Amino acid sequence: MRKNIVAGNWKMNNDLSQTKSLISDLLTKVSGTETKVMIAPAFTNLHIACELTKQSPIEVAAQNMHFAENGAYTGEVSASMLKSIGVNTVILGHSERRAQFREDDAILAKKIDAALQNDMTIIFCFGEELEDRNSGNHFAIVKSQLKNALSHLETKDWENIILAYEPVWAIGTGVTATPDQAQEMHYFVRKMIDECVGGHVADNTSVLYGGSVKPDNAKEIFSKSDVDGGLIGGASLNADDFMTIIDAFNRS
Ligand code: 13P
């Protein structure tokens, strides 16, 4: 059965000492949770994050990676480099990467292949812009983002895929999708997986929601049957807020 997951995308926040201090704060609070907890610090802090969380329930993810294995790609980081420091998960397709760094579906498909070849887990982000939603185009946009990046995968590849629906208009805006809007899109995505890949994969793939998830709205969003957790930006930078969101799923 699919897992409940709460992942913190720290984006370009937290230097080395802030990273150490936020992780040590989280470590004092996180034991006993049945929810899978992930954090995605900046590249420079991934190594120390892996060291500090080694014996803990917290998993460390990267926020991006290049599709090539090595070579003349100044400023880039490969899957094998991430693996070599103990990072086994990578966020791909975030709307900030798509919009600000021109990552299109074709590039993302190559990144997904590189991550899979290195046996990494992928948190694949997708979601519509405000004008797509206002024009009623949101299902078509999501369908094409998923098809273009993922339709070439084999069934076994899906064991390494976590999906994250992040409507662009809800990211960092304080305007979250309503729980019903999230559920409607997650149901649509799960049905699409069912039709294209199979019921077993649809049942076992975690679909997270991201976009202005906060301590006071997480419980209601996570209570929806097709919402398996969240990808959290701003609220993951504060240990108490992040823990409250993690605790929105029941604790043991
Ligand atoms: P916020 O939670 O700050 O809206 O960010 C969501 C996000 O982009 C997570 O990847």
Side-chain angles (χ1 to χ4, degrees), residues 4-14 18-19 22 26 35-43 45-46 49 58-65 82 87 89-103 108 111-112 115 120-130 132-133 138 141-142 145-146 149 161-179 181-182 185-186 189 206-222 224 227-249:
N4 292 332
I5 301 169
V6 175
N9 176 8
W10 291 5
K11 309 191 179 183
M12 199 172 73
N13 294 294
N14 290 334
Q18 290 165 326
T19 296
L22 180 49
L26 288 173
T35 303
K36 191 172 174 129
V37 178
M38 295 180 170
I39 55 169
F43 280 126
N45 300 318
L46 286 174
I58 300 176
E59 286 182 29
V60 175
Q63 297 175 20
N64 181 33
M65 53 165 250
L82 294 172
V87 175
T89 302
V90 62
I91 298 171
L92 294 175
H94 195 282
S95 63
E96 287 151 17
R97 302 274 341 151
R98 292 176 191 259
Q100 297 168 31
F101 303 96
R102 303 204 184 142
E103 293 194 12
L108 292 171
K111 290 188 174 200
I112 287 166
M120 295 184 78
T121 296
I122 296 149
I123 301 176
F124 182 73
C125 306
F126 58 93
E128 80 282 359
E129 312 247 358
L130 186 58
D132 302 320
R133 180 157 283 267
H138 45 300
I141 291 288
V142 161
Q145 287 174 335
L146 293 175
I161 302 288
I162 297 164
L163 297 177
Y165 170 54
E166 297 208 308
V168 180
W169 47 272
I171 295 176
T173 58
V175 182
T176 186
T178 65
Q181 284 173 323
M185 184 58 84
H186 286 222
V189 168
S206 296
V207 186
L208 315 184
Y209 168 80
S212 297
V213 177
K214 305 290 177 199
D216 61 358
N217 61 24
K219 209 173 181 88
E220 213 190 334
I221 297 171
F222 294 174
K224 294 294 175 183
V227 178
D228 307 309
L231 182 55
I232 320 298
S236 70
L237 299 172
N238 175 288
D240 288 330
D241 287 353
F242 193 48
M243 281 313 306
T244 306
I245 293 169
I246 293 164
D247 283 344
F249 286 117

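This chain uses plain numbering: 1 for the first residue, then up along the sequence. All figures in this text were calculated on a predicted structure; none of them were measured in a lab. One-based numbering, in listed order, for ligands and for the atoms of each.
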Short N or O distance, [X] and ligand 1, threshold 3.5 Å exclusive:
| X | answer |
| --- | --- |
| G233 | yes |
| G172 | yes |
| K214 | no |
| E96 | no |

*Just do the side-chain hydrogen bond (donor to acceptor under 3.5 Å, both in side chains) check on H94 and Q63 with the steps written out, would you?*
CA-CA 8 Å; H94 195 282; Q63 297 175 20; over 6 Å; no

*Gap between atom CD of E96 and atom CG of N64 - 0.5 Å precision*: 11.5 Å

For [X], counting its heavy atoms only, list the atoms of ligand 1 lying under 4.0 Å from any of them.
| X | result |
| --- | --- |
| A170 | 4 (O) |
| E166 | 6 (C), 7 (C), 8 (O), 9 (C), 10 (O) |
| G234 | 1 (P), 2 (O), 3 (O) |
| G211 | 4 (O), 6 (C) |

*Considering non-hydrogen atoms only, spot the tightest contact between L231 and A164 and give its length.*
CD2-CB, 3.9 Å

*Any donor-acceptor pair under 3.5 Å linking the side chain of R97 with the backbone of I91?*
no

*Backbone N or O of A42 within a donor-acceptor pair of the N45 side chain at under 3.5 Å?*
no

*Any side-chain heavy-atom pair from E128 and Y165 closer than 4.5 angstrom?*
yes

*Should the ring pair Y209 and H186 be called parallel, tilted or perpendicular, given that the plane angle runs from 0 to 90° and is split at 30 and 60?*
tilted

*ligand 1 versus I171, non-hydrogen atoms closer than 4.0 Å: side chain, backbone, both, neither?*
both

